[in-house]
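A short worksheet on the structure shown next.
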Amino acid sequence: MCKTPKTFPLLLILMLLSVFGIAQNDINSPYSGFGIGNLSPRTNSILSAMGGTGYALQNPYYINFKNPASYTAFDSLSFVGDVAFNITNQKLRTEDQEYKGAFAQLDYIAIGLPILKVWRTSIGIMPYSDIGYDILDAYHKDTIGNITNKYKGEGGLMLLYWGNAFKICKGLTLGMNLSYLFGTINSLRFAEYEMPNSFNFVVTNFRYIDGIQITAGIQYHTTIKEKHQLGFGAIYENAAKVWSRENLLVLSYSGTYSPGGSSYMDTVKAQIGKNALKSNVKMPHIVGGGISYGYKDKLLVAGDVTWQNWKSFYMSENNSKSKDSLKNNLITAIGLQYVPNAMSSKYYNKINFRVGTRFSTGYLILNNKSITELAFSAGLGLPIRVFNSRSSINIMFEYSRLGTLKNDLILQNYYKLSFNFILQEKWYQRRKLD
């Protein structure tokens, strides 16, 4: 008879619930109002602790969805389940103001399975981008009086992927993720004037986006003198055109804006429901490559380079192309993992120690300044003996710095603590009866 893991149905239920749970976010970043928001790293917690590297890495005990060719490392008789969530503390600063906040979020859920001897598969869901900002700009003009501008946005995109990988020959593997990208980008903006008999306008925009993306990956691994392992990997993500349905509502009113409480005088424009604006959003194509070096089961070093073509991105609005202030983005990352003695009988010798760093030139330009990001990370991998020696809890801490105080811009500091649970169990096992 066959045995399947009892935890497998639970992971599937969590994956369905995460369609709603991951999409909820409480970020507050003015930079998320451009493009499709603040981009998520799309790496698991282990690789995030190593700076977000992963193009050349593969391991039978975790899921590296950064390069689908890595799935071939899954054990032929086991499945891998991976769940992670994070707690983030954020601090926003200008030259004369400061804001602090914190929020918790489910990072991702993924499973990896063996299918045939040369074929492995993986399914998962994770954030692609987050949007959250609330900006109030009030000032005075002698000819008009007090003016109040309000900008508010929320939402973000999710990524549901199905990946497959195949062993081509010794050391060479190919893989592909077929991904469904979906989510909402919601915004509200208005301007109010303190002039007698004046009318104000509020514009609400609710955009739903969905479409298909494809990521192809390749890896090659070789062993030198039984102690040294070299790995090479690369990915390509296509510049997909996804669909957009935009509900636009423009209202005029008097007094102070309050949803349901203002004195609305007229509907200036309404394109909702069947009359919603239909257009396309062109996503950037992405190219990435990496290299890794391992010494026995003790030391692992990896480095990645990623190029994102954000200059080609656009969201069509009223038959015109909206590009914001975007530019191509280059991301470099390096990471290291050290295990004192993976075969030791002593628990502390089996703990994984990880560090890494990442730098992004940024895909956004404001006030003639690139919005760059610099991040440092560290983490621990703790084996869980209650299940088996290959299941683990992984803890990752990351500090990232986004933006600048120069040119009247905003500096954002993030302190992220991530917890990840990896479970490996027998997927298919035939029991023998005496």
Side-chain angles (χ1 to χ4, degrees), residues 7-8 10-27 36-55 57-59 61-68 70-71 74 79-88 103-113 120-131 155-165 175 177-183 213 215 217 235 237 286 333 335 354 356 358 375 377 379 381 391-398 400 414 416-424:
T7 53
F8 183 68
L10 177 60
L11 287 171
L12 288 179
I13 294 172
L14 286 173
M15 187 173 293
L16 292 174
L17 291 176
S18 67
V19 171
F20 305 99
I22 298 179
Q24 305 301 315
N25 71 80
D26 297 298
I27 72 163
I36 55 173
N38 287 354
L39 302 177
S40 297
R42 287 193 283 163
T43 57
N44 67 33
S45 295
I46 291 175
L47 302 180
S48 292
M50 297 175 63
T53 56
Y55 291 136
L57 298 177
Q58 61 174 231
N59 192 294
Y61 310 119
Y62 63 72
I63 304 170
N64 176 13
F65 33 77
K66 190 172 183 179
N67 188 338
S70 67
Y71 305 149
F74 297 154
F79 96 101
V80 182
D82 191 344
V83 181
F85 70 95
N86 73 77
I87 301 171
T88 302
F103 60 91
Q105 186 181 41
L106 187 63
D107 265 338
Y108 61 83
I109 295 179
I111 57 175
L113 309 169
R120 304 290 188 268
T121 192
S122 178
I123 303 171
I125 186 168
M126 68 197 70
Y128 186 94
S129 68
D130 289 320
I131 297 172
L157 302 184
M158 300 280 294
L159 194 70
L160 176 65
Y161 79 87
W162 174 41
N164 293 276
N177 280 343
L178 181 65
S179 303
Y180 176 54
L181 187 67
F182 65 99
Q213 272 193 327
T215 304
I235 64 99
E237 188 168 283
I286 299 173
R354 306 178 182 112
R358 180 182 74 252
S377 55
S391 297
S392 64
I393 291 178
N394 298 277
I395 303 171
M396 188 275 297
F397 173 79
E398 181 181 85
S400 62
Y414 292 93
K416 180 178 179 181
L417 184 62
S418 176
F419 299 90
N420 151 255
F421 172 57
I422 296 178
L423 177 66
Q424 188 200 44

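- Minimum heavy-atom separation, G37 to S129: C-CB, 4.4 Å.
- In terms of the ring-ring contact (aromatic ring centres under 6.0 Å, His included) criterion, residue partners of Y71 (sequence neighbours excluded) are, by chain and number, F74.
- No side-chain heavy atom of L47 sits less than 4.5 Å from a side-chain heavy atom of F65.
- Among residues two or more places apart in sequence or in another chain, the salt bridge (Lys or Arg N to Asp or Glu O under 4.0 Å) test is passed with R358 by E373, E398.
- In this view, Y128 and I36, L39, R42, L157, L159, L181, Q213, E237, M283 satisfy the side chain to side chain contact (heavy atoms under 4.5 Å, CB included) rule, not counting sequence neighbours.
- With sequence neighbours left out, N38 forms a side chain to side chain donor-acceptor pair (under 3.5 Å) with S29.
- Contact detail for S45 and A84: the closest heavy-atom pair is OG-CB, 3.5 Å.
- Between N67 and T215 the shortest side-chain heavy-atom distance does not fall below 4.5 Å.
- With contacts defined as side-chain heavy-atom distances shorter than 4.5 Å, the pair I422/Y61 does not qualify.
- With sequence neighbours left out, T88 forms a side chain to side chain contact (heavy atoms under 4.5 Å, CB included) with N86, F103, Y414, K416.
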What verdict does the side chain to side chain contact (heavy atoms under 4.5 Å, CB included) test give for F421 and I393, after you've listed the backbone C-alpha separation in whole Å, the side-chain angles of each residue and the deciding distance to 0.1 Å?
CA-CA 5 Å; F421 172 57; I393 291 178; 4.2 Å; yes

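- The only option from I46, I109, I63 that meets the side chain to side chain contact (heavy atoms under 4.5 Å, CB included) definition with D82 turns out to be I63.
- Considering only heavy atoms from C-beta on, M396 stays 4.5 Å or farther from N420 through its side chain.
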Walk me through whether N177 and W162 qualify under side chain to side chain contact (heavy atoms under 4.5 Å, CB included).
CA-CA 6 Å; N177 280 343; W162 174 41; over 6 Å; no

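- Annotation: side chain of V83 is in contact with side chain of L106 (closest heavy-atom distance under 4.5 Å).
- Residues P68 and A165 come closest through the heavy atom pair O-CB, 3.2 Å.
- S418 and D107 make their closest contact through OG-OD2, 3.5 Å (heavy atoms, listed as atom of the first residue, atom of the second, distance).
- The backbone N or O of I235 sits nowhere less than 3.5 Å from a side-chain atom of K66 that would complete a donor-acceptor pair.
- Of all the heavy atoms in A333 and G51, the pair that sits closest is CB-O, 3.3 Å.
- Under the side chain to side chain contact (heavy atoms under 4.5 Å, CB included) criterion, S70 pairs with Q58, N64, Q219, sequence neighbours left out.
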With side-chain hydrogen bond (donor to acceptor under 3.5 Å, both in side chains) as the test, would you mind laying out the steps for N44 and Y108 before giving the verdict?
CA-CA 8 Å; N44 67 33; Y108 61 83; 4.9 Å; no

